[in-house]
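What follows is a single structure, written as structure tokens, with notes after it.
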Amino acid sequence: MIGIIGAMDIEVTAFIRAMSDTSTKIYSGITYVKGRFSGVDVVVAKCGMGKVNSAICAQTMILMYSPTVVINIGVAGSISPTVKVGDIVIGKEAVQHDLDLSPIGLKRGFIQEMNTIFIPCTPDITIGLKGAAENIDCTCHTGVIATGDQFISCKKTKNEIFENFNALACEMEGASIAQVCALNKIPFGIVRTISDNADGDSASDFTKFLHEAAQKSIQLITAFIGNKTDVG
Ligand code: ADE
């Protein structure tokens with residue numbers, strides 16, 4: 001069973017529409033749709049935006065559906081100058097850019113309970129996603145994805161995230177899902193397509209490119225599952 005989590009309807013709806021044998025359950029206000037896709041069992045949820053919503057969703061998905069892998073899909077803002085609107089970013093590591101205990105002597109982003117700043121995504125999943133990206137028309141990057149409870153829309157904050165964490169992209173759910181999966185020992189990955197540059201124009205660009213960007217992440221996860229079927 002592959003678990004797929006997106007924050008917004010637009011990030012998961014087209015995928016859900018392509019599933020067969022679906023059944024739906026709601027836990028803590030989050031809808032989980034279980035079914036088949038390309039001959040594979042999948043469960044898909046729209047978690048809502050932010051780290052709390054996404055952590056609740058990932059933990060519930062793991063307890064109720066026992067997925068063998070969880071993948072977070074959706075859109076993101078660009079943090080690195082090398083990453084452009086429409087590009088895909090696959091997570092190698094995830095970091096919470098807004099986790100800040102520096103006044104008491106800890107490094108920004110440091111998760112005490114896990115003794116780390118960067119949560120590694122599962123290497124096999126990252127490799128599989130990169131392989132799937134070769135099947136679709138896109139520019140694909142692999143690296144750090146920075147998560148926080150903030151829609152980034154100013155250059156200063158964007159530059160700080162880049163300087164602190166060398167991140168390629170920012171979003172609001174990846175690292176919290178990564179933390180839940182890591183603590184439960186469930187393999188996980190992150191796929192994000194860039195909808196905006198996380199600067200002064202990010203709100204209007206987000207509105208303009210959201211649909212196209214969200215569909216590209218769905219295209220990639222579709223190719224990823226297709227490849228899994230190909231190799232049995
Ligand atoms: N998701 C898409 N664009 C984003 C941004 N600029 N900040 C945070 N999350 C995003």
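Start at 1 with the first residue, then count along the sequence. Counting starts at 1 for both ligands and their atoms, following the listed order. Worth saying up front: this structure is predicted, and the values here are computed from it rather than measured.
- Side-chain atoms of T122 come within 3.5 Å of backbone atoms of F188 as a donor-acceptor pair (strictly under, hydrogens ignored).
- Using a 4.0 Å cut-off to heavy atoms of C170, the atoms of ligand 1 that qualify are 5 (C), 7 (N), 9 (N), 10 (C).
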Would T147 and Q96 count as a side-chain hydrogen bond (donor to acceptor under 3.5 Å, both in side chains) if you check the C-alpha gap in whole Å, the side-chain angles of each, and the deciding distance to 0.1 Å?
CA-CA 5 Å; T147 302; Q96 293 178 53; over 6 Å; no
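- The aromatic rings of Y65 and Y27 lie perpendicular to each other, with more than 60° between the two planes, well past the 30° mark.
- At a heavy-atom distance under 4.0 Å, only side-chain atoms of S195, from C-beta outward, approach ligand 1.
- Atoms NE2 and CD1, on H97 and I79 in that order, are 7.0 Å from each other to the nearest 0.5 Å.
- For atom 1 (N) of ligand 1, the nearest non-hydrogen atom of the protein is A76 CA, 3.7 Å.
- Closest to atom 9 (N) of ligand 1 among all protein heavy atoms lies E171 CA, 3.4 Å.
- Remark: the Q150 side chain and the D98 side chain contain no N/O donor-acceptor pair separated by less than 3.5 Å.
- For the residues T147, D205, I152, the heavy atom positioned nearest atom 6 (N) of ligand 1 is part of I152.
- For a threshold of 3.5 Å applied to N or O pairs, the pair formed by D196 and ligand 1 contains at least one separation below that value.
- At least one heavy atom of Q150 sits less than 4.0 Å from an atom of ligand 1.
- Less than 4.0 angstrom separates some heavy atom of A198 from each of these atoms of ligand 1: 6 (N).
- Contact of the K92 side chain with the V144 side chain is not registered, since no non-hydrogen atoms from C-beta on lie closer than 4.5 Å.
- Annotation: atom 4 (C) of ligand 1 to nearest protein heavy atom, F151 CE1, 3.4 Å.
- The CG atom of D199 lies 8.5 Å from the OG atom of S78; values are rounded to the nearest 0.5 Å.
- Annotation: F206 places no N or O atom under 3.5 Å from an N or O atom of ligand 1; distance criterion only.
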